[in-house]
Every structure is written in C-alpha cells, then in structure tokens.
Amino acid sequence: MITKAELQKLLTSTETYRVERTISTGNMDKFCEAICAFSNDMPNSRKNGYLIIGAHNNGSLCGLKVDDDLMKKISAIRSDGNILPVPVMNTDKFTFENGDLLVVEVQPSLSTPVRYRGRTFIRIGPRKDIASLEEERILTERSTSNLATFDITPCREATINDLDVDKIKSDYLPQAIDTEILESDKRPLKEQLASLRLYNLPFDCPTHAAIILFGKNPKYFLPGTYVQYVHFAGYDKASEIINERVFTGSLLELLPKLDLFLDFSIVTQRPVPVSILREKTQYNYPKLALRELLMNTCMHSDYQSNMPIRLYQFKDRIEIMNAGGLYGQARPENFPEVNDYRNPVIAEGMKNLKYVNMFNRGIDRVQTVLKENGNEPAIFDVEKMTVFEVTVIELRDENFPDNKSAQVTDQVDSQVTDQVKDLVNILEGEMTRAQLMDILRLKNKAYFKTAYIQKSLELGVIELTQPNSPNSPTQKYRLTEKGKQIKINLNNLEKK
C-alpha cells in the first residue's frame, strides 16, 4: 500500500491518468467507475491507480472524517459482483491535520477488459469514459498477448488449396528447415506446415499466418492485407494525387514488389562532389531505410483490422502507417529499446525469407542510414493506440535543384529546412500550435512537433511565449529577430 509520504506527493501529481480525487462519500457509481478504469489501465502504464476520497481537485483536504462504515462500504466494492473480473485493490485511511483521506489503491488487471455492470470504463489523462469497441479490442489483445497470437489461430474458412503450395515447397521450406532434415522428412505437407505453426491439424485448415504469408488471395479472408500507395502533389491529403497503387497478394509476392517499387518509383539519386576526383551518391530517401520501415510495418501490422498498410508520399516527406499500436511489452516510454511481436509466426516467416533479422536493430539501422545520407531522423508517433506511424523527411538541399532550398542558400541559413521556412512564412504575432497546424493543414502532431517546432526552436527562429512552461496548454510561438529576417529574405525571393 502507498505510504503517507507518497500520498502527499500524489495529491498534487500531474499523472492524472492514475489519480482521481473527490470529496464525495456517497457516489458509489463514481467510485466503481474509477476503480474499473484504473483496473483497465488503458495507457498501459503498469502503475497502480488511486481513488483519493476526501481531497479537492487541487489536492487540498476537505476535512473529511473517515469512519468504519465508510471503510466497509468502499472495501465491499471489490466483491459485490458489479466489477468483473474482480479488481485487485486495497483501501486504507490516512489522517492529516486538515482531515482524513480514504485511499483506494487499484492494480492494473491482467484480465482486461474489466467491466462495471457490463460497461468498460477507461481513463486516459483526466478523461474517464466508456471504452469504444476499438478500445475494448485493444484491452482484449493486451490480455491475450501472452497467449496464442492472432497469426497462429486457425483460419477456419480456408483449406490447403488456398495456399500456394508449390511456392511453399520451392521457396520457403528450404529456407525454414535444414536441408538434411527436410530431405529426410517424409511427413505429409500439412504436418510439416503444422510444425512451423502454419497449419492447424485439429481444424484441418491453415493458420492466419499461412494465409498472410503464402495465401493465393489473402484479402478474401482478411480484407486489410494490402498496401495502399498514394503520391500527393502537395503537403497534405487535400492536394492533387499524382500517382496511386494497390499492392495485393501474399507477403511472399508482395514484398518483392515493394522492393522494386521503392527502387523505380520513390528513390532518386544524385552524384555529390566530395573532392576534385571523388563523388558520392546521395538519395532523396535512402532505400535501405524505407525498406526496413516497410518490412517492419508488414511484420507488425494488426491483420484483424480492415485498414490497409498506408504508404503516403507528400512533397516533403513519406508517411507509413499500419493498424495496431505498440504491442505487448513495447510501450511509449521504452520504445524502441524494447520490442515485442504481435505476429511472431509472420515475423519468423519473414526472417526465413531474409526480409527481417529480428535482432531489434531495425530502428537503429534506419536512423543511422538516414543520418549518413543527410536526412533528418525518422519521426515515430507511438502515442496513437490503434495505429503505428512513422514519418521520413525528404532530403532537401542544393543537390536537388527542384527543391526551393537551393534558391535561398545564399540568403538564408542553409540549415533552415523547408518545414521551418513554411512555419516562418505563416507565423504572425503570437500563435498557438493548433492555429499553426490548421493553416499548414497538418494532422500529424508528432511530425509537426519534430519537423516544425523543435527544428525552429533549435535554429533560434521562433521562441516560446511561456519559456518556463513549455507544455502549457496556452503556449504560443512568435518569431525571433533571426526568424523575422529570414521571413524578409523569403518574401524578397518571392517577389523576384
């Protein structure tokens, strides 16, 4: 149970997702909903939640005197059958000069979703609400992460005839099984696949992993198993579409297609002088980085969703998105150091096909390759619970003449990116993040924060109106003297 000293810190804690303070002593629905929400631990913090009775929202005590009746009433919540599965909770009384506090300490449940009278309550920040179907699915997935994963479950509508058996025999089994063992293995194909968790013998059908890896028509069984590519002319999805493609088929077919597409449709290269006698090749996007990110996306995608993998190319960046946020042991605070597999059988299959290595080095390799090529680091948005998104910013410098940065090198600091210039151009007086994103028509908060705000702050072209409270909800931004000069230079170039 929490100590008195820890409780005093918690009274004014900003961790609102795990603390609820109230001066009410009779609103049992409110208490039960709070305990239910803490049990579900929607943010996946793995931290205990605390219902503190006898304190105002600002942490001050209301002078409550906790008696035995109130203690019994609150303790009875655990076993009255209204919250199922039964929550793991403790109650205790703490006495202070200004009154008592009754504290309910709730542990995150391993069997989510937890429901109060049939409804699943969750808490994200200060918000407590009924979980949506998608949020319930996340809680269900979380509780089964240590059990059989979706890719190993049987696809009961399919048969062996829905798999490309010839390709499995010729292209996969020799990669997945030692040659001597394979030559001596006289078992039927179904049993061989079952040993690789690609076939379910009791139901006599392929697993979902087999359909995704080797199915003749995976989209028939799992509508979200395809990659959607769209090339937009501008900086947002409202701009004109230059090109679009849909990549379908099993991963065995799809992954080589993506490899070729990156080479011939996205990646461009230019020679860059290093010395009088030597040149190096520089890319708008290094293929190895994009390939690694796409392979990871295919490996970690939530194939239960109808959402396809999205590969969107804009004028200044590429965004890659897949259904399913961080999984299992991977959480925002430990990403990318900690990895976990939503689809371990698919991951194993892709490793056998030499598309991934499963050494948890992918993100580090991506960032290293981008840095070596001169690109900004990839931006990972891991705060979204239902999707995983990564943004790669195009290399924008004098080596690519179609880029406007070549036009301003002499008059504007060469480190000023196009994103910074766009921000400088629209910033008038003092403006909030929401106002700036609205004008720039951006939706990706992580991309905006990293590529626009942080970069502009690093270069000293903008400043905070509240520098001592950088995360204040009323924070605004304004140009510095350097930013104002850059804006003048940019405006002068526009007039020429």
Side-chain angles (χ1 to χ4, degrees), residues 144-156 158-218 221-222 225 227 247 249-260 262 287-288 291-301 303 327-330 336 338-366:
T144 58
S145 62
N146 293 322
L147 304 176
T149 54
F150 172 73
D151 62 343
I152 202 175
T153 58
C155 183
R156 298 178 65 175
T159 68
I160 192 72
N161 296 324
D162 290 304
L163 301 179
D164 192 334
V165 172
D166 292 337
K167 285 283 188 181
I168 292 174
K169 290 179 178 179
S170 63
D171 295 355
Y172 186 70
L173 290 182
Q175 301 282 352
I177 302 174
D178 180 80
T179 303
E180 291 185 9
I181 295 176
L182 185 60
E183 288 176 353
S184 62
D185 189 350
K186 305 303 179 184
R187 292 177 298 173
L189 179 62
K190 291 181 180 180
E191 292 186 22
Q192 289 180 323
L193 294 179
S195 69
L196 298 170
R197 297 176 294 175
L198 296 171
Y199 203 84
N200 186 287
L201 293 174
F203 289 105
D204 192 22
C205 66
T207 63
H208 286 108
I211 293 295
I212 293 165
L213 286 165
F214 312 113
K216 294 177 180 177
N217 185 13
F221 302 100
L222 302 164
T225 51
V227 177
F247 297 89
S250 67
L251 292 184
L252 188 66
E253 301 172 300
L254 189 147
L255 297 180
K257 292 178 185 176
L258 287 176
D259 240 353
L260 290 173
L262 290 177
K287 181 193 172 182
L288 181 60
R291 182 185 186 276
E292 186 77 36
L293 292 171
L294 274 173
M295 296 304 127
N296 282 346
T297 299
C298 292
M299 180 168 61
H300 292 292
S301 186
Y303 288 102
Y327 181 81
Q329 298 299 316
V338 176
N339 192 20
D340 209 339
Y341 292 95
R342 174 178 280 107
N343 307 304
V345 183
I346 292 174
E348 183 179 331
M350 291 180 66
K351 182 178 185 297
N352 288 331
L353 292 169
K354 306 297 189 291
Y355 283 104
V356 297
N357 57 43
M358 293 182 70
F359 297 147
N360 196 27
R361 294 177 54 241
I363 303 300
D364 289 339
R365 289 179 65 201
V366 166

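The figures that follow rest on heavy atoms only: side chains count, while hydrogens, waters and symmetry mates do not.
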Colleague: Provide the closest heavy-atom pair for Ser250 versus Gly215 in the form atom of the first, atom of the second, distance.
Modeller: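 Smallest heavy-atom distance, with atoms named: CB-O, 3.3 Å.
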Colleague: Please round to the nearest 0.5 Å and tell me the distance separating atom CZ of Arg291 and atom CG of Asn296.
Modeller: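 Answer rounded to 0.5 Å: 10.5 Å.
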Colleague: Say whether, by atom type as modelled, one donor and one acceptor occur between the side chain of Thr225 and the main chain of Leu222 under 3.5 angstrom.
Modeller: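 Here the side-chain-to-backbone pair exists.
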Colleague: Any side-chain heavy atom of Leu294 within less than 4.5 Å of one from Tyr355?
Modeller: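 Sidechains of Tyr355 and Leu294: no contact.
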Colleague: Side chain to side chain contact (heavy atoms under 4.5 Å, CB included), that's the test. Do Ile152 and Thr149 meet it? Break it down for me.
Modeller: CA-CA 6 Å; Ile152 202 175; Thr149 54; 4.1 Å; yes
Colleague: Enumerate, atom names and distances included, each donor-acceptor pair closer than 3.5 Å involving a side-chain atom of residues 174-183, sequence neighbours excluded.
Modeller:
unit_1: Gln175; atom_1: OE1; unit_2: Lys354; atom_2: NZ; d: 3.0
unit_1: Asp178; atom_1: OD2; unit_2: Glu180; atom_2: N; d: 3.1

Colleague: Nearest 0.5 Å, please: how far is CE in Met295 from CG in Asp259?
Modeller: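 Between Asp259 CG and Met295 CE, I get 5.0 Å after rounding to 0.5 Å.
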Colleague: For the CG atom of Leu189 and the CG atom of Leu173, what is their distance to the nearest 0.5 Å?
Modeller: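 Taking CG in Leu189 and CG in Leu173, the distance rounds to 6.5 Å.
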Colleague: From Leu254 CG over to Cys298 SG, what is the distance, rounded to the nearest 0.5 angstrom?
Modeller: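 Rounded to the nearest 0.5 Å, the CG-SG separation comes out at 6.0 Å.
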Colleague: What pairs with Lys190 under salt bridge (Lys or Arg N to Asp or Glu O under 4.0 Å), at least two apart in sequence or on another chain?
Modeller: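 With neighbours one apart ignored, the set is Asp204.
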Colleague: Can you see which heavy atom on Leu213 is nearest to which on Gly349, and at what distance?
Modeller: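 That would be CD1-CA, 4.1 Å.
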Colleague: Only pairs at least two apart or in different chains count here, so list each side chain to side chain donor-acceptor pair (under 3.5 Å) that has a residue in residues 207-218.
Modeller: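 Matches after skipping sequence neighbours: Thr153-His208.
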Colleague: Show me the donor-acceptor pairs, under 3.5 Å and distance only, between side chains in residues 191-198 and residues at least two apart or in other chains.
Modeller:
unit_1: Gln192; atom_1: NE2; unit_2: Asp185; atom_2: OD2; d: 3.4
unit_1: Ser195; atom_1: OG; unit_2: Gln192; atom_2: O; d: 2.5
unit_1: Arg197; atom_1: NH2; unit_2: Glu348; atom_2: OE1; d: 2.7

Colleague: Can you name the side chain to side chain contact (heavy atoms under 4.5 Å, CB included) partners of Arg365, sequence neighbours left out?
Modeller: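 Testing Arg365 for side chain to side chain contact (heavy atoms under 4.5 Å, CB included), a comparison that skips the adjacent residues, returns Leu288, Glu292, Asn357, Arg361.
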Colleague: So do the side chains of Phe247 and Glu253 get within less than 4.5 Å of each other, counting heavy atoms only?
Modeller: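 They are not in contact (no side-chain heavy atoms under 4.5 Å apart), so the answer is no.
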Colleague: Looking at residues at least two apart in the chain, or sitting in another chain, which of them share a side chain to side chain contact (heavy atoms under 4.5 Å, CB included) with Asn343?
Modeller: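 In terms of side chain to side chain contact (heavy atoms under 4.5 Å, CB included), with neighbours along the sequence ignored, Asn343 is linked to Asp151, Tyr303, Ile346.
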Colleague: Please, which pairs that meet ring-ring contact (aromatic ring centres under 6.0 Å, His included) have at least one residue in residues 179-203, sequence neighbours excluded?
Modeller: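 The answer is none; no pair qualifies.
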Colleague: Can you find a pair of side-chain heavy atoms, one from His300 and one from Tyr341, that are under 4.5 Å apart?
Modeller: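 His300 reaches Tyr341 side chain to side chain.
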Colleague: With ring-ring contact (aromatic ring centres under 6.0 Å, His included) as the rule and sequence neighbours excluded, what pairs involving residues 160-190 come up?
Modeller: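 Found Tyr172-Phe214.
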Colleague: Using residues 162-171 as the side-chain source, report each donor-acceptor pair under 3.5 Å to any protein atom, sequence neighbours left out, with the distance given to one decimal.
Modeller:
unit_1: Asp162; atom_1: OD2; unit_2: Thr159; atom_2: N; d: 2.9
unit_1: Asp164; atom_1: OD1; unit_2: Lys167; atom_2: N; d: 3.2
unit_1: Ser170; atom_1: OG; unit_2: Asp166; atom_2: O; d: 2.9

Colleague: Return the set of residues passing ring pair (Phe, Tyr, Trp, His ring centres under 6.0 Å) with Phe221 (not counting sequence neighbours), or none when no residue passes.
Modeller: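 Partners of Phe221 by the ring pair (Phe, Tyr, Trp, His ring centres under 6.0 Å) criterion come out as none, since no residue qualifies.
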